[in-house]
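Before any comments, here is the structure.
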Amino acid sequence: MARIDTLATVGEFGFLDRLLPRLAGRRDVLVGPGDDCAVVRCGGRPVLITTDALIEDVHFKRDWLTPRQLGYRSLAVNLSDIAAMGGHPTFGVISVAASGSTPAAELFGVHAGIEAAARAAGMAIVGGNVSRAECLFLSITVLGEVRRRAVTRGGARVGDELFVTGTLGDGALGVRQLQCGERRGAAVQRYRRPRPRLKMGQLLAEHGIAAAMIDISDGLLQDLGHLTKASGVGAEIEVDALPRSPALRRLPQLEALELALRGGDDYELLCAVPRRRVAALERLRRQFDCPITRIGRCVPERLGIELLGAGREVHLRSEGGGWDHFVNRES
Ligand SMILES: [Mg+2]
């Protein structure tokens, strides 16, 4: 019997690898699929475009978030992709689908959350679409502009330093706590109300500091893998340098490390900074609205991704890919 490929067998990335070459290119497409946003030329200017969906029971449980929090979060995760290009969000449109028995007040609540996030980011929602579905489904598309040029995932070079904003692992810790029935605490709040790092992305882009950038939505290792692949480099990560919140520091060390390396839902920025621009980054620190921490550097591609531990034996669960081995330099 012929084997039928399903999404489950080819995987998200396998599917995209086959689909993307079929898309027609055009001269006014400056950055095509495969980055945080597409960049197209409109009226002579580059425009960013990104879209993201939030689906009940896939991305969230209804009792994890109030409708307002759900709305806020659904726009915030799109804004994070604009931030990763160093962009300024301008306009957005929304598709919402829900069952006929959904209280109208719930959808007004979702809308209020979206509006709050849009106001905070200085952008406007200009349209959308409503339809019927079995579960609650939200899809948002956001446009943005860049003042200088868009920062892609592909600009990192060997020797560049790697930095991350904020702290890592809190979003995933929040999800775990919600799954355990917890409804309070900093990590839960972090999941419910991600802070897209728009100002950081804009500063890093407009001062020519970030050579490559990506937002961390699927865990540091996975998103670092996207950046290194697009740039044709490898990376060394110093695990002791990974910035961790007080909530994460209270966990057993290995557990915290797993969350910081593989946890999703952080929406922090990871960027590669050429060594000659590190001084410029330090000079800008006063203007930053969150911490930014050096976590490693870019190395030749053939070295893959290495995790450096400071003289401690640490074993990490290895999941495919083969690049996430742990190197203990001291032993
Ligand atoms: Mg992204």
Side-chain angles (χ1 to χ4, degrees), residues 11-13 15-17 19-20 29-40 46-55 58-60 72-90 92 117 121 123 138-146 149-156 162-172 175 190-191 193-205 210-231 235 260-272 290 292 295 305:
E12 174 189 348
F13 294 111
F15 171 70
L16 289 176
D17 283 346
L19 179 76
L20 298 188
V29 178
L30 305 177
V31 178
D35 218 296
D36 291 286
C37 296
V39 188
V40 298
V47 172
L48 306 177
I49 312 176
T50 182
T51 190
D52 243 311
L54 257 78
I55 301 163
V58 176
H59 298 101
F60 66 94
Y72 191 96
R73 186 181 151 78
S74 60
L75 182 57
V77 300
N78 274 280
L79 293 174
S80 182
D81 282 324
I82 298 280
M85 309 295 283
H88 298 251
T90 51
M123 62 166 287
L138 271 170
S139 172
I140 304 189
T141 299
V142 177
L143 304 187
E145 57 188 21
V146 280
R149 68 180 178 84
V151 180
T152 67
R153 301 172 174 185
L162 292 166
F163 285 83
V164 290
T165 60
T167 56
L168 298 175
D170 301 280
V175 169
R190 174 77 178 267
Y191 168 83
R193 202 178 169 89
R195 268 193 70 177
R197 298 298 190 187
L198 285 164
K199 186 180 176 193
M200 293 299 285
Q202 291 155 7
L203 284 169
L204 293 167
M213 196 147 58
I214 186 170
D215 71 318
I216 305 175
S217 52
D218 297 326
L220 173 67
L221 281 184
Q222 183 155 326
D223 290 314
L224 172 66
H226 296 318
L227 185 144
T228 54
K229 188 177 171 196
S231 294
L261 286 171
R262 292 187 212 275
D265 294 307
D266 280 329
Y267 301 102
E268 296 293 351
L269 296 178
L270 165 69
C271 68
C290 73
I292 180 163
I295 60 163
I305 292 178

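Order of appearance sets the numbers: ligands from 1, and atoms from 1 within every ligand.
Proximity of a side-chain donor or acceptor of Gln202 to a complementary backbone N or O of Gly87 within less than 3.5 Å is detected. Panel note: side chain Arg73, backbone Tyr191; a donor-acceptor pair is recorded below 3.5 Å.
Remark: Arg190 is not positioned above the aromatic ring of Tyr267, lacking an NZ or CZ atom under 6.0 angstrom from the ring centre and at most 45 degrees off the axis.
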After noting the C-alpha distance and the side-chain angles of Arg195 and Thr165, does the key distance pass the side-chain contact (heavy atoms from CB on, under 4.5 Å) rule? CA-CA 11 Å; Arg195 268 193 70 177; Thr165 60; over 6 Å; no
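Here Asp81 meets the criterion, with an N, O or S atom under 2.8 Å of the Mg ion (ligand 1).
Restricting Asp215 to its N/O/S atoms, the shortest distance to the Mg ion (ligand 1) is reached by OD1. Nearest N, O or S atom of Asp36 to the Mg ion (ligand 1): atom OD1.
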